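Reading through the structure tokens given below for one structure.
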Amino acid sequence: MSDSTIAVLLLWSFIFIYSIAGSVDFGAGFWSMVYSNDRYTRAGKIANRYLSPSWEVTNVFLVLLVVTLYSFFPYAAFSLGTVLLIPASFILILLAIRSAFMVFAYAASKYFKVLRWVSGITGLLIPGLLVSVIPITLGGFIGGGEEGHYLLLEKFLMSPMVYAYIAFGLASELFLSALLLGDYALEAGEEATYQIYRRNAIFLGPMALVAAIFTTLTMQYEAQWIFENIQKEWSLFVFSLVFFLIGYSALWWPKKGNKELLGYPRIAVVSVVIQYGFATFAFGRAHLPYLIYPNRTIENSITNSTLFHELLISYIVGTLILLPGFVYFWFLFMKDRNYLRQD
Amino acid sequence: MTSVDQVVLARALFGTSLGFHIIFASLGVGIPLMIVIAEIASIITKNKDYHIMAARWTKAFAVLLGVAIPSGTIVGVQLALLWPGFMEIVGQVISLPFQIEIYAFFLEALFMSIYVYAADRLSNIARLISVILVAFGASASAVLITDASAWMNTPAGFRLENGQVVDVDPWAAVFNPSFFTAATHVLLSAYATGAFAIGAVAAYKLLRNQASKLEKAFHQKALTLALIVGFLASFLTALNGHEAAQELHEYQPLKLAAAEGLFETMDYAPLAIGGFVDPETEEVKYGIEIPYMLSWLAEGRFDAEVKGLNEFPREYWPPAYTHTLFNLMVGIGSLLIVISAIGLFMFFFMKKPFPKWMLWLFVLCGPLAMVGIETGWIFSCSGRQPWTIYFMQTTDEAATTATGLGLVMVGFVSLYIVLGIAVILILLSFFKRRPLLKDLSTKGEIQ
Ligand code: HDD
Ligand code: HEM
Ligand code: HEM
């Protein structure tokens, strides 16, 4: 494999990881707001219990994404940096409000409601806005010549495709987080809470699917080239759909020995993650060789090979060193019933 | 080419963002060290006060992280948004520290959560190891980001040929000439700041008359710990700062000349303290001159030649206020050493409670240290002007061409005002709700 292929594979893997982890993180913030009233305290508490230890780690994945982009593809970072000034600043401001207010809410019960509300709403918006960066890379929204690009903001704001992407981001966020929190609740032995999130997931799954199909259709009009490439990847998208069906139906599979409790949320989560994995990979392939259509390809954006190889080595070494930390973290917060069940 | 206003706006915005981030970042480096020390003291002395201390500082630290992390994320993305030209070179030469830093962030974030949310399920040793890893992660991230800044001041590991980056040696860039000194300086000054911030709170609490005996003993312990760490760290900061100044003499003579307001190249150069640099009349107004001192500081000899500003074209001169910034930093450094040394002397040898005025001085040390950090950084970055990468890339070559900076500036400044006020209110409200006396009268089990 060439440097640029490895680089883009890593970049898309990080995008994939963050799209899942970020969706669940922001979604959990939203659910904990929705269920902050007295009737649903358990559902809100489960969301918080997931969120408290994990949001910092999730945020590092976002930073990782940005740093990977500019260390692997500095020339593309140059173009994106100029073009994204306004939208990225907007996202950053929302992100700062969201993270800070969420932390503040834990510390100050006096203002808990307001803070939780603000961080829930801002968090709900962020994934949709992050996803809206993708249509910018598809071409048509960047004006200017060689020296100095700029975002055609008006065109961007008027584009149905952009809103389709935003809707897809929103639906995915809510679907993925409901699914994972359902699993998390069951792991904690809270069946009633599991039912709440299961119901949400059942409602949101088809929404996410419809949004994805709708987004693809809008690309036909605004980014013909990728629409054509996507059709070439049809087999991967079929796999993706199959895993959606497996995961979605797993929410109804009857449990042995417990007729009351429907569904295997763990299987649902894993299948849906695989579903998103296939879809991300397929979309990433369709996007190649462009990082930003039509000027920036992976070939003409990649950094020099000396630096690239050092970066690669440090990724490997760093991951190996940190792996035990992640495993320990997983056992303490995702598996340990003492943590999951406390009040 | 970008217009002048555009560059000024970009600089102002970036400086504001960093100036905001650094407050929380420095405390984020300094406070974990204090927590580690308190945890160790609690294990050694078996005195539960130290355990309570560690727990209360951790609470404050967790709230501060709620601002440090998003503001750091902002700075990280703004680098690419405001300085795309710079990041293009960074991505070809010095991306290693940025990338390794991610691992430091992970380390800190993972073990911070473990330390805070799993504390009741950990053994004493596992808890201590977790918080040591948090402190290590925070310090490592400071070292790594400082590496990038050091490389901007003393670039290495590449050449520019017709605007193209060639001959890249990533590790030579990482170990650029000023890396070790700068990293040490940043770490030590952050440790000093964390200690003095904690000392300031403890001293303030001691000043309040209604505090009970139990509480006073607690705050006195915290203050002593803070003074010891603060004294050691600020003393070492000054020693190492002296080394940093000698490096300026060697690698960035123009910056040193601006810092000292020295116009003519000379041996037996005097040290100018205070006053204002006037580039028109080419002199330092209202300052105090110590003969020969600058030559001595620069090389350890009175007859050492120190380059003056006139050695360089005027368009390369850094702004005149760098002199003031440098004086403020060094002045504050000296004050911190003196105040903490007197404090420790009084505590260990006179064995009487501190008089009120002394406590007020300790309170002052907290904000002073923070001003030291701010002026130090602004000095380092402004003193590099008009270069972003010293004598390689100018600031206007680095800056963005995108329009709408004014609007973005308004957005971020409003954000920092909101967050700044909110974080203070939240900390006050939190500790009001959790009075120390309550912690002291329980077994030391703190949630
Ligand atoms: C509490 C904070 C603090 C204190 C008391 C001091 N410094 Fe400092 N100084 C910093 C905080 C700082 C800093 C914020 O950490 C800087 C900015 C950039 C850097 O690398 O460190 C810095 C930079 C910095 C530089 C510039 C390096 C460069 O631009 O390449 C020099 C020459 C000194 N310092 C020298 C000193 C001396 C002689 C001090 C004597 C007391 C001193 N500093 C105290
Ligand atoms: C251009 C300058 C800087 C950039 C780009 C930057 C970037 C960042 C980023 C991205 C984060 C968030 C990390 C996360 O998600 O956990 C962060 C947090 C932090 N930064 Fe900065 N930073 C800069 C300057 C500094 C300096 C000078 C210091 C130290 C003196 C520092 C110390 C910290 C600390 C201690 C945190 C706390 C959170 C953590 O480590 O997870 N930063 N910074
Ligand atoms: C966190 C503490 C820091 C503060 C308070 C700070 C402050 C500033 C200020 C005030 C400016 C504008 C300079 C001027 O216009 O006179 C600036 C510029 C800049 N700084 Fe720093 N800085 C800090 C750390 C860093 C670090 C760690 C890096 C390295 C990654 C860095 C990279 C830059 C860049 C790229 C610019 C813009 C280009 C330039 O003006 O040279 N800064 N900073």
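Since we're looking at a predicted model, the values are computed, not measured. Proteins come first, then strands; the chains are lettered A, B, ... in the order of their sequence lines, and each starts at number 1.
With a 4.5 Å cut-off on non-hydrogen atoms, A/Leu115 touches chain B through its side chain but not through its backbone. Looking at B/Ala173, neither its backbone nor its side chain comes within 4.5 Å of chain A, counting heavy atoms on both sides. At a 4.5 Å heavy-atom cutoff, the contact between B/Leu122 and chain A is made by side-chain atoms alone. Only the side chain of B/Leu415 comes within contact range of chain A, with at least one heavy atom under 4.5 Å from a heavy atom of that chain. For B/Leu82, the part lying under 4.5 angstrom from a heavy atom of chain A is the side chain only. Neither the backbone nor the side chain of B/Val165 comes within contact range of chain A; no heavy atom of the residue lies under 4.5 Å from a heavy atom of that chain.
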I would like to know whether A/Phe61 and B/Phe106 meet ring-ring contact (aromatic ring centres under 6.0 Å, His included); could you show each step before the answer? CA-CA 9 Å; A/Phe61 276 107; B/Phe106 271 131; 4.9 Å; yes

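The shortest non-hydrogen separation linking A/Ile86 to B/Gly404 is CD1-O, 4.1 Å. Between B/Leu81 and A/Gly81, the shortest heavy-atom distance links the atoms CD2-O, 3.5 Å. When all heavy atoms are compared, the tightest approach of A/Glu56 to B/Ile69 is OE1-CD1, 3.5 Å. When all heavy atoms of B/Ala80 and A/Tyr70 are compared, the pair lying nearest together is CB-CD2, 3.9 Å. For B/Glu88 against A/Pro74, the heavy-atom pair with the smallest separation is O-CB, 3.6 Å.
Residue B/Ile102 holds its CD1 atom at 11.0 Å from CG of A/Leu322, rounded to the nearest 0.5 Å. Here A/Asn59 contributes atom CG and B/Thr73 contributes atom OG1; the two are 4.0 Å apart, rounded to the nearest 0.5 Å. The CD atom of B/Gln78 sits 8.5 Å away from atom CG of A/Leu85, with the distance rounded to the nearest 0.5 Å. In this structure, OG in B/Ser414 is found 7.5 Å from CD1 in A/Ile93, a value given to the nearest 0.5 Å.
Put simply, of B/Leu427, B/Leu110, B/Leu407, the one with the most heavy-atom pairs under 4.5 Å next to chain A is B/Leu110. Most heavy-atom pairs under 4.5 Å with chain B, from the set A/Val103, A/Val83, A/Leu307: that is A/Leu307. Contacts with chain B were tallied for A/Thr319, A/Ile97, A/Leu80; A/Thr319 has the most, counting heavy-atom pairs under 4.5 Å. Contacts with chain A were tallied for B/Leu425, B/Val423, B/Ile100, B/Val116; B/Val423 has the most, counting heavy-atom pairs under 4.5 Å. Contact count versus chain B (heavy atoms, under 4.5 Å) is highest, among A/Val67, A/Leu92, A/Thr303, A/Leu69, for A/Leu92. Between chain B and the residues A/Leu151, A/Asn304, A/Val66, the most heavy-atom pairs under 4.5 angstrom are made by A/Asn304. The candidate with the highest count of non-hydrogen atom pairs below 4.5 Å against chain B, out of A/Tyr315, A/Trp55, A/Tyr328, A/Phe326, is A/Tyr315. Interface check for chain B: of the options A/Ser54, A/Ala88, A/Ser71, the most heavy-atom pairs under 4.5 Å are formed by A/Ser71.
The side-chain heavy atoms of B/Asp169 and A/Thr306, taken from C-beta on, include no pair separated by under 4.5 Å. Taking 4.5 Å as the limit, some side-chain heavy atom of B/Val67 sits within range of a side-chain heavy atom of A/Phe104. Inter-residue side-chain proximity for A/Phe78 and B/Met87 is flagged as unmet; no heavy-atom pair is nearer than 4.5 Å. Side-chain contact check for A/Ile321 versus B/Tyr103: every heavy-atom pair is 4.5 Å or farther apart.
For CZ of A/Phe16, the number of neighbouring non-hydrogen atoms (other residues, nucleotides, ligands) closer than 6.0 Å is greater than 12. Atom CZ of A/Phe14 has more than 12 heavy atoms from other residues, nucleotides or ligands within 6.0 Å.
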